[in-house]
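The structure appears below as structure tokens.
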Amino acid sequence: MLDARYLRENLDTVEARLKSRGEGVNIALFRELDGRRRELLQQSETLKALRNKVTEEISRLKDKSQGDERKLQMREVSQQIKGIDESLKAVEEELQAFLLTVPNIPHPTTPLGKSELDNVVVRTWGDEPELNFAPKPHWEIGEQLGILDFERGAKLAGARFTLYRGAGARLERALINFMLDLHTEQHKYIEMLPPFMVNRECMTGTGQLPKFEEDLFHLEGVDFFLIPTAEVPVTNIHRGEILKGSELPISYVAHTPCFRKEAGSYGKDTRGLIRQHQFNKVELVKFTAPDRSYEELQILLGHAEEVLRRLNIRYRVVELCTGDIGFSSAKTFDIEVWLPGQNCYREISSCSCFEDFQARRAGIRFRPEEKAKPEFVHTLNGSGLAVGRTVVAVLENYQQADGSVLIPEALRPYMGGLERIS
RNA sequence: GGAGAGCUGGCCGAGUAGGUCGAAGGCGCUCGCCUGCUAAGCGAGUAUACUGGGAAACCGGUAUCGAGGGUUCGAAUCCCUCGCUCUCCGCCA
């Protein structure tokens with residue numbers, strides 16, 4: 001959410017910069033609501049000041065009957081206040097509803113562009129595997145090895161659900177443990193295991209609501225949502241809190257399943273593990289002081305990249321353009337992993353700086369100094385990594401001519417020493 | 001699911017025959033004094049948001065005692081609804 005006061009004072013700039021996302025802002029609506037709000041607020045507060053004053057006078061009267069006349073007047077005033085406050089509440093709700101649908105302002109360095117076609121490749125790491133045969137897509141490898149069962153996954157739940165079997169299930173679990181150990185032991189993140197369903201406040205805090213409700217699974221009977229990413233519960237850990245400046249940056253890592261309806265992506269990536277309704281992800285989340293956030297973004301990105309380096313899988317880092325960054329993001333780098341079976345790069349991580357956008361929605365602040373005024377923190381997060389897609393990358397990059405798959409060395413300790421799935 | 005207790009400032013904790021309570025007191029913290037150092041001691045200060053004025057320092061107003069509503073001239077204090085925490089019983093992984 002943008003700061004109403006900032007918006008009031010910088011309407012034109014904000015409008016121009018949101019335009020680069022391909023988003024229009026209803027400036028006239030904002031002006032009107034904001035103006036009406038302040039007008040009503042002043043009316044209400046003036047009357048309340050009067051009432052408080054008279055009320056205090058009444059309380060000081062020794063002869064109680066003397067106050068009767070003023071009580072009658074104040075009854076009138078209270079009625080007026082009530083009426084004004086009702087209008088005020090309505091206006092504030094409208095204003096809030098409006099502000100919650102305005103996306104974040106892209107960082108000035110975020111490349112201008114309309115779609116993913118305008119994203120910028122920042123760097124590429126690693127080599128393509130030398131495969132002197134026609135590489136297969138992971139769904140063929142997985143089915144032939146009997147470690148991925150798409151048909152039975154569909155039987156259990158439906159399309160976009162997969163049953164992992166044997167070494168496949170183990171591989172998923174190995175990757176989760178490998179990533180968590182890397183981030184906690186080497187990168188010094190604190191491991192968290194949050195609830196997998198959250199309330200509406202959390203979803204609003206990180207920006208999924210109110211605009212993207214159709215992408216979320218909602219439970220029947222209770223107002224809970226299944227989390228689409230650990231970003232939601234983990235960022236909301238500090239919702240409504242004032243942190244100490246000295247404890248920043250705070251770095252959390254969490255593995256959770258993620259649940260997404262994938263509405264609007266019918267027919268896309270229908271084969272294999274790429275686009276599932278449920279998938280595992282290891283997520284990195286940081287809370288930082290505003291002046292450190294972009295440094296921390298580079299660090300966080302590096303931590304996510306490190307997973308693929310250790311697995312020795314080729315990837316590239318892409319900087320998303322203004323037209324492609326997410327609703328809450330000011331700047332985003334995607335990590336795209338090379339998939340020989342599909343002869344393309346696929347997103348495996350998305351690392352973003354949200355500046356104070358989520359912090360303002362969720363009320364996450366810090367005191368720079370012991371007695372200083374609280375300021376909003378900056379929040380960041382990135383996948384470190386999407387586990388299902390990492391399985392895809394391992395299967396496709398480590399496949400052998402005979403249909404077996406080598407286990408990357410870094411993973412072998414997590415696979416009970418297994419060197420090859422065959 | 002049943003019965004009960006509770007939710008006050010960074011923390012602990014007063015405060016119900018409604019009035020001067022943003023809220024005693026303590027701890028913590030900050031600054032100053034004192035003191036070879038530290039500790040102890042002494043003094044002062046120590047919430048947040050919105051809003052008006054001001055270049056600013058700052059000054060004023062309003063709101064906030066889990067959340068929302070009600071009664072009242074006036075509510076931390078009374079009434080209602082909801083949330084959360086805790087204890088006991090039942091059920092269950």
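Any value given below was found using the heavy atoms of this structure, including those in side chains, with hydrogens, waters and symmetry copies removed.
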Nearest to side-chain heavy atoms of [X], which nucleotide of [options]:
| X | options | answer |
| --- | --- | --- |
| Arg8(A) | A63(B), G19(B), U51(B) | U51(B) |
| Lys89(A) | C73(B), G69(B), A47(B) | G69(B) |
| Leu41(A) | G74(B), C50(B), G52(B) | C50(B) |
| Arg38(A) | A49(B), U62(B), G52(B) | G52(B) |
| Arg367(A) | U62(B), G70(B), A47(B) | A47(B) |
| Glu45(A) | U48(B), C73(B), U62(B) | U62(B) |
| Arg5(A) | U51(B), C73(B), U62(B) | U51(B) |
| Ser78(A) | C73(B), U62(B), G52(B) | C73(B) |
| Arg51(A) | A47(B), G52(B), G74(B) | G74(B) |
| Gln42(A) | G52(B), C50(B), C73(B) | G52(B) |

Practice task
Under 4.0 Å between any heavy atoms, over every strand shown, what does Arg70(A) touch: base, sugar-phosphate, or nothing? Just pick one.
Solution key: nothing
Exercise for the section: Give Lys82(A) one of three labels, base, sugar-phosphate or nothing, depending on what nucleic acid heavy atoms sit under 4.0 Å from its own. Expected result: sugar-phosphate
Whole-Å [atom1] distance, [N] and [M]:
| N | M | atom1 | answer |
| --- | --- | --- | --- |
| A44(B) | G54(B) | C1' | 28 Å |
| A14(B) | G69(B) | C1' | 28 Å |
| U85(B) | C58(B) | C1' | 42 Å |
| G45(B) | A39(B) | C1' | 23 Å |
| G18(B) | G10(B) | P | 29 Å |
| G70(B) | U77(B) | C1' | 15 Å |

Handout entry: Heavy atoms from other residues, nucleotides or ligands near CZ of Arg420(A) exceed 12 (cutoff 6.0 Å)
Key = yes
Problem - Residue whose closest nucleotide on RNA chain B lies nearer the 5' end, Pro374(A) versus Ser44(A) - result: Pro374(A)
Fill in the blank from the handout: Heavy-atom nearest nucleotide on RNA chain B taken for Arg37(A) and for Ala49(A); more 5' hit belongs to Arg37(A)
So, do [X] and [Y] have ring centers that fall under 6.0 Å from each other?
| X | Y | value |
| --- | --- | --- |
| Phe212(A) | Phe327(A) | yes |
| Phe357(A) | His378(A) | no |
| His238(A) | Tyr252(A) | yes |

Considering Watson-Crick and G-U wobble pairs with both distances under 3.5 Å, what does [N] pair with?
| N | value |
| --- | --- |
| A56(B) | none |
| C50(B) | G61(B) |
| G22(B) | none |
| U30(B) | A44(B) |
| G4(B) | C86(B) |
| U81(B) | A67(B) |
| A93(B) | none |

Exercise for the section: In plain terms, say whether Lys331(A) and Glu319(A) are close enough for a salt bridge, that is, a side-chain N and a carboxylate O under 4.0 Å apart. Expected result: yes
Exercise for the section: Decide salt bridge (Lys or Arg N to Asp or Glu O under 4.0 Å) for Asp149(A) and Arg165(A); before the verdict, give the C-alpha distance in whole Å, the side-chain angles of both, and the deciding distance to 0.1 Å. Expected result: CA-CA 7 Å; Asp149(A) 191 337; Arg165(A) 177 177 179 275; over 6 Å; no
Handout entry: N or O in side chain of Asn52(A) less than 4.0 angstrom from A63(B) OP1/OP2
Key = yes
Exercise for the section: Give a yes/no answer on whether the side chain of Arg365(A) brings an N or O atom under 4.0 Å of OP1 or OP2 in A49(B). Expected result: yes
Between [N] atom [atom2] and [X] atom [atom1], what is the distance in whole Å?
| X | N | atom1 | atom2 | value |
| --- | --- | --- | --- | --- |
| Glu56(A) | G22(B) | CD | C1' | 15 Å |
| Glu92(A) | U64(B) | CD | C1' | 14 Å |
| Ile81(A) | U62(B) | CD1 | P | 10 Å |
| Lys48(A) | C50(B) | NZ | C1' | 11 Å |

Exercise for the section: Would you please classify the geometry between the His107(A) ring and the Tyr294(A) ring as parallel, tilted or perpendicular, with 30° and 60° separating the classes? Expected result: tilted
